[in-house]
Amino acid sequence: MQVDTEIKRELAESDKAKEGKFLTFALCGEEYGVEILKVKEIIGIMNITPVPQTPSFVKGVINLRGKVIPVIDLRLKFGMEKQDYDERTCIIVIDIPDGTGKRIVMGIVVDSVSEVLTIRNEDIEDTPAFGARMNTGFIMGMAKVKGAVKILLDIDKVLAADEVTTIGAMAQQQQE
């Protein structure tokens with residue numbers, strides 16, 4: 001009886017962790033969201049300096065007020081079709097753990113930013129099962145908002161820890 005109560009409380013707390021404010025953005029015609037607390041700022045697309053021998057989704061680095069930060073193209077990371085940048089394309093500057101206990105600031109290129117939404121737990125469903133071969137661990141859930149579905153990303157899991165560490169080291173080298 002006590003164990004059942006504890007399990008129910010833990011499940012309720014983990015569900016509560018999903019709800020909150022999310023910055024929503026478009027990517028390849030679909031709407032996604034990231035926790036607003038992970039977002040440092042949103043900037044327009046700017047000159048990105050390519051860095052040799054990086055994965056194709058790593059666009060390079062930018063100089064943001066004297067700090068060099070790595071930038072990835074989320075379309076390419078997700079295996080979507082490449083698209084030319086336009087006036088709506090922007091960079092969401094996020095703060096994520098690097099896997100070593102430190103934090104890294106990086107930019108993610110998205111097609112456009114939509115809005116900040118408060119999403120309640122009852123409007124978030126678990127990620128559907130797509131089969132064992134598909135990795136959906138970076139999807140926090142599916143939010144039902146105004147008759148549409150928004151894919152909520154766990155931005156900490158979008159990049160594997162080793163990728164984040166490598167990208168962070170790359171930005172550090174560019175800074176020096």
Side-chain angles (χ1 to χ4, degrees), residues 17-119 127 135-141 143 145 150-176:
K18 290 182 182 178
E19 71 182 6
K21 289 190 181 289
F22 291 83
L23 174 68
T24 60
F25 58 89
L27 202 61
C28 206
E30 298 299 325
E31 287 286 318
Y32 293 83
V34 294
E35 293 174 278
I36 196 73
L37 295 175
K38 306 280 183 178
V39 176
K40 293 187 69 71
E41 64 184 293
I42 302 162
I43 58 176
I45 200 72
M46 56 192 303
N47 186 35
I48 302 172
T49 304
V51 177
Q53 298 184 3
T54 57
S56 62
F57 64 87
V58 176
K59 298 310 292 176
V61 294
I62 60 172
N63 181 344
L64 186 62
R65 290 183 296 281
K67 184 168 175 65
V68 176
I69 65 169
V71 176
I72 68 161
D73 189 317
L74 212 49
R75 270 178 169 262
L76 300 179
K77 173 61 181 166
F78 288 164
M80 297 173 176
E81 185 179 315
K82 183 179 178 178
Q83 177 178 308
D84 290 336
Y85 298 156
D86 61 25
E87 69 280 347
R88 295 192 44 99
T89 306
C90 55
I91 299 171
I92 301 172
V93 180
I94 56 169
D95 182 4
I96 59 173
D98 74 352
T100 67
K102 297 178 186 170
R103 301 197 65 79
I104 182 172
V105 175
M106 74 178 347
I108 57 173
V109 178
V110 298
D111 295 349
S112 64
V113 170
S114 304
E115 61 186 324
V116 175
L117 294 173
T118 300
I119 302 176
T127 307
N135 175 17
T136 57
F138 59 89
I139 299 175
M140 186 184 300
V145 180
K150 305 210 185 275
I151 302 168
L152 303 180
L153 300 176
D154 183 343
I155 201 66
D156 294 352
K157 294 180 181 174
V158 168
L159 293 172
D162 60 333
E163 289 176 325
V164 174
T165 303
T166 302
I167 293 168
M170 173 194 76
Q172 190 65 32
Q173 287 175 342
Q174 293 292 318
Q175 190 105 10
E176 295 168 355

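This structure is a prediction, so every number in the text was calculated from the model and none was measured. Below, all heavy atoms of this structure are taken into account, side chains as well, without hydrogens, waters or symmetry copies.
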Please report the C-alpha distance between Lys21 and Thr118 in whole Å, then the side-chain angles of each, then the deciding distance to 0.1 Å, and finally whether the side-chain contact (heavy atoms from CB on, under 4.5 Å) criterion is met. CA-CA 4 Å; Lys21 289 190 181 289; Thr118 300; 3.0 Å; yes
Does the pair Thr49 and Val51 meet the rule for a side-chain contact (heavy atoms from CB on, under 4.5 Å), with working shown? CA-CA 7 Å; Thr49 304; Val51 177; 5.7 Å; no
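For the residue pair Leu153 and Met140, the shortest heavy atom distance occurs at O-CE, 3.8 Å. Among all heavy-atom pairs drawn from Met106 and Ile96, the shortest one is SD-CD1, 3.7 Å. In terms of heavy atoms, Ile43 sits closest to Met46 at CD1-SD, 3.7 Å. Residues Val61 and Pro70 approach most closely at CG1-CA, 4.0 Å, considering heavy atoms. Between Val113 and Cys90, the shortest heavy-atom distance links the atoms CG2-SG, 3.2 Å. Ile69 approaches Val93 most closely through the heavy-atom pair CD1-CG1, 4.1 Å.
Asp73 and Lys82 are not joined by a salt bridge, as no carboxylate oxygen comes within less than 4.0 angstrom of a charged side-chain nitrogen.
For the atom pair Phe25 CZ and Thr89 OG1, the distance stands at 13.0 Å (nearest 0.5 Å). Distance check, rounded to the nearest 0.5 Å: CZ of Phe138 to CG of Leu152 gives 12.5 Å. Once rounded to the nearest 0.5 Å, the distance linking CD of Glu30 with CE of Met80 reads 7.5 Å. Of the inter-residue distances, the one linking Asp156 atom CG with Asp95 atom CG reads 9.0 Å to the nearest 0.5 angstrom. Distance check: Leu117 CG to Phe22 CZ gives 9.5 Å after rounding to the nearest 0.5 Å.
Other residues, nucleotides and ligands contribute more than 12 heavy atoms inside 6.0 Å of the NZ atom of Lys38. Annotation: Arg103, atom CZ; neighbour count of heavy atoms from other residues, nucleotides and ligands within 6.0 Å is above 12.
Residues Val145 and Glu31 form no side-chain contact, since every pair of their non-hydrogen atoms from C-beta on lies 4.5 Å or further apart. Ile155 has its side chain within reach of Ile108: a pair of non-hydrogen atoms, C-beta onward, lies under 4.5 Å apart.
If you run side-chain contact (heavy atoms from CB on, under 4.5 Å) between Lys59 and each of Ile91, Leu76, Ile45, Thr54, only Leu76 comes through. Between Val109 and the options Leu27, Ile92, Val71, Leu74, a side-chain contact (heavy atoms from CB on, under 4.5 Å) holds for only Val71.
For the residue pair Asp111 / Tyr32, no side-chain donor-acceptor distance below 3.5 Å is found, with atom types taken as modelled.
Remark: side-chain polar atoms of Thr24 are paired, donor with acceptor, to backbone N or O of Glu115 under 3.5 angstrom.
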